[in-house]
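All values below come from the heavy atoms of this structure, side chains included, with hydrogens, waters and symmetry mates left out. By convention in this document, chain letters (A, B, ...) are assigned in the order of the sequence lines, proteins followed by strands, and residues within each chain are numbered from 1.
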Number of protein chains: 4
Amino acid sequence: MLNRVILIGRLTRDPELRYTPAGVAVTQFTLAVDRPFSNSQTREREADFINIVTWRQLAETCANYLRKGRLTAVEGRIQVRNYDNNEGKKVYVTEIVADNVRFLESSNSGNREEGSGAGSYNANASQGSGGGGGGNRYGGSREQQDPFIDDGKPIDISDDDLPF
Amino acid sequence: MLNRVILIGRLTRDPELRYTPAGVAVTQFTLAVDRPFSNSQTREREADFINIVTWRQLAETCANYLRKGRLTAVEGRIQVRNYDNNEGKKVYVTEIVADNVRFLESSNSGNREEGSGAGSYNANASQGSGGGGGGNRYGGSREQQDPFIDDGKPIDISDDDLPF
Amino acid sequence: MLNRVILIGRLTRDPELRYTPAGVAVTQFTLAVDRPFSNSQTREREADFINIVTWRQLAETCANYLRKGRLTAVEGRIQVRNYDNNEGKKVYVTEIVADNVRFLESSNSGNREEGSGAGSYNANASQGSGGGGGGNRYGGSREQQDPFIDDGKPIDISDDDLPF
Amino acid sequence: MLNRVILIGRLTRDPELRYTPAGVAVTQFTLAVDRPFSNSQTREREADFINIVTWRQLAETCANYLRKGRLTAVEGRIQVRNYDNNEGKKVYVTEIVADNVRFLESSNSGNREEGSGAGSYNANASQGSGGGGGGNRYGGSREQQDPFIDDGKPIDISDDDLPF
DNA sequence: TTTT
DNA sequence: TTTT
């Protein structure tokens, strides 16, 4: 009925841009979001690592402008998809389908890659509220693993599964 | 840095109340949240099933008042914890640690269990912004599975792991 | 850069549907949102009354299905517009431009007006993220008051001012 | 019932720290939040200016670390308070009572005031979910204007009115 | 009354 | 001007 997530964190690595067989752009990255409290005992594990997916134009923009370490705001919805692993067991994957991404650090404020870029750049999903989301049935993969894992091949998703 | 989730959905089953060895209440339930769009092809899979965890007083209140099917609003933060399964593989579990739960349906509006209850009842985490969160190291379990899976035994979490 | 509001409350009265001169539908209503705490002294003032605006298709749907007293969830962005009152003083108006409205109570759960309607009905802004927003220059009004105040005449907003 | 706001924007000026007669710290500032679209006609008016209030420890931290122009994330709830102006007319003031403020720009990333400060600093309301809120009856002021307007005197709020 |  |  209502499903809204807002996160601010830093990319754990450069974003990964791929394409579905039909040529739809998909970018994935992980956001490290510091927890609001510090683990009193074991100082370890003080951030949550949250997977983000973006589609189409927003995917391209994220791939172009986001880099590892950048402070980033993400708005979207939680999605739980599942696939059968090679032992035939259902694996559940939770990710945020982003429809709004804000680049809170320009390329020259700390990291120094691409050219210019001052202030904070904004990116919005073009198509309505929601942006879309990955389907959950990705038949045909002999290996039966997460179709989003990057193995150098195009993503094993039938475009029919894309709900938009 | 910032981690906020707001959901409205229905419980897929009655909530489960358990206690840590030190007597801290933990309640878990799953919210079915309808997607904003309809899958054009396969009419199937039109909701996300999102796991919710609540602690302490809020846990007791949720266990007392929530029931399967009830429309419920949840506010909290995303948490990703992990444990080693019996094959020694890390399994990642994503859940929402709720610090605010709103009961949008009273017991007499459709379901007819407990006594009275008119209008919508509210429940808040008592302890500051955040409410708490499950630890991520749960050593000692011979079975090595998700310590939150209900096997009729108390939850296998050292209270030292609770970060509050 | 990022502007997101989520509210759950009850309508203080029936929604008001009007049209701009160019025929764009605008619906306004007020949500009474109970505060999370109780005023210890004066038991009075325990809710915030928050103005909501919706546009186009969502406006029509809200006007059709929402009624005074109904529990409703609203998602949108805060907007601050201003106009000059009849003393030439700038008046600031804050309202929520909704792009997502969820009807948490059907017409037969308590109130008994319109026909059927079971469960909770959902409504989304059709046009992308944002839905739109009222312009801020509404020239030509002799009276110079809030162009949204209902005086039985069409809203005094040039359609050129609508930023969508 | 539920009232959540998340904003990212820039301070229009330095924050103002004041104290109630009983010594409770209150800090106010305004966030300029760029709109997600550009006004096609009149290039003017492309941000909303949203008033933020913080209390107690969070107020002190904001006063210490925030400065004009800084990119800042704010989480809180919308509050509508009102007072009678000097013509005896009720004036409504909408503001965000923040319980979580994130400093997205350190002092040395652009502006160069205070000492060090690298990365982004976080601040949280200490007391539970909500943080508090300004009372709504501020009797005794001869001038009958907004008690929050800075006239060099302590804020004209009875501490009894503070609901926490 | 407004920020980059 | 306010809802249950």
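In this entry the distance linking NZ of D:K68 with P of E:dT1 reads 15 Å, nearest Å. With rounding to whole Å, C:L11 atom CG is found 15 Å from F:dT2 atom P. Here the P atom of nucleotide E:dT1 and the CZ atom of D:F49 are 10 Å apart, to the nearest Å. D:R67 places its CZ atom 15 Å from the C1' atom of E:dT3, with the value rounded to the nearest Å. Atom CD in D:E105 sits about 15 Å away from atom P in E:dT3, given to the nearest Å. Rounded to an integer number of Å, the gap from D:D14 CG to E:dT2 C1' is 13 Å. Distance, D:L7 CG to E:dT4 C1': 17 Å, rounded to whole Å. The CZ atom of D:R13 sits 17 Å away from the C1' atom of E:dT4 (whole-angstrom rounding).
In the set E:dT2, E:dT4, F:dT1, the nucleotide with an atom closest to the side chain of D:D34 is E:dT4. Here E:dT3 is the nucleotide among E:dT3, F:dT3, F:dT1 with the atom lying nearest to any side-chain atom of D:T12. Minimum atom distance to the side chain of C:R10 is reached by F:dT4, of the listed E:dT2, F:dT4, F:dT2. Of the candidate nucleotides F:dT3, E:dT1, E:dT2, E:dT2 has the atom nearest to the side chain of D:T30.
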Determine whether C:E60 and C:L17 satisfy the following criterion, side-chain contact (heavy atoms from CB on, under 4.5 Å), listing intermediate values before the conclusion.
CA-CA 7 Å; C:E60 313 255 19; C:L17 169 62; 4.1 Å; yes

Criterion side-chain contact (heavy atoms from CB on, under 4.5 Å) on B:R102 and B:N124, from CA distance to verdict
CA-CA 8 Å; B:R102 306 283 136 166; B:N124 253 90; 2.4 Å; yes

Could you check C:V97 against C:W55 for side-chain contact (heavy atoms from CB on, under 4.5 Å), going step by step and ending with a plain yes or no?
CA-CA 8 Å; C:V97 182; C:W55 291 90; 4.2 Å; yes

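Put simply, the side chain of D:N3 gets close to the backbone of D:I78: a donor and an acceptor are under 3.5 Å apart.
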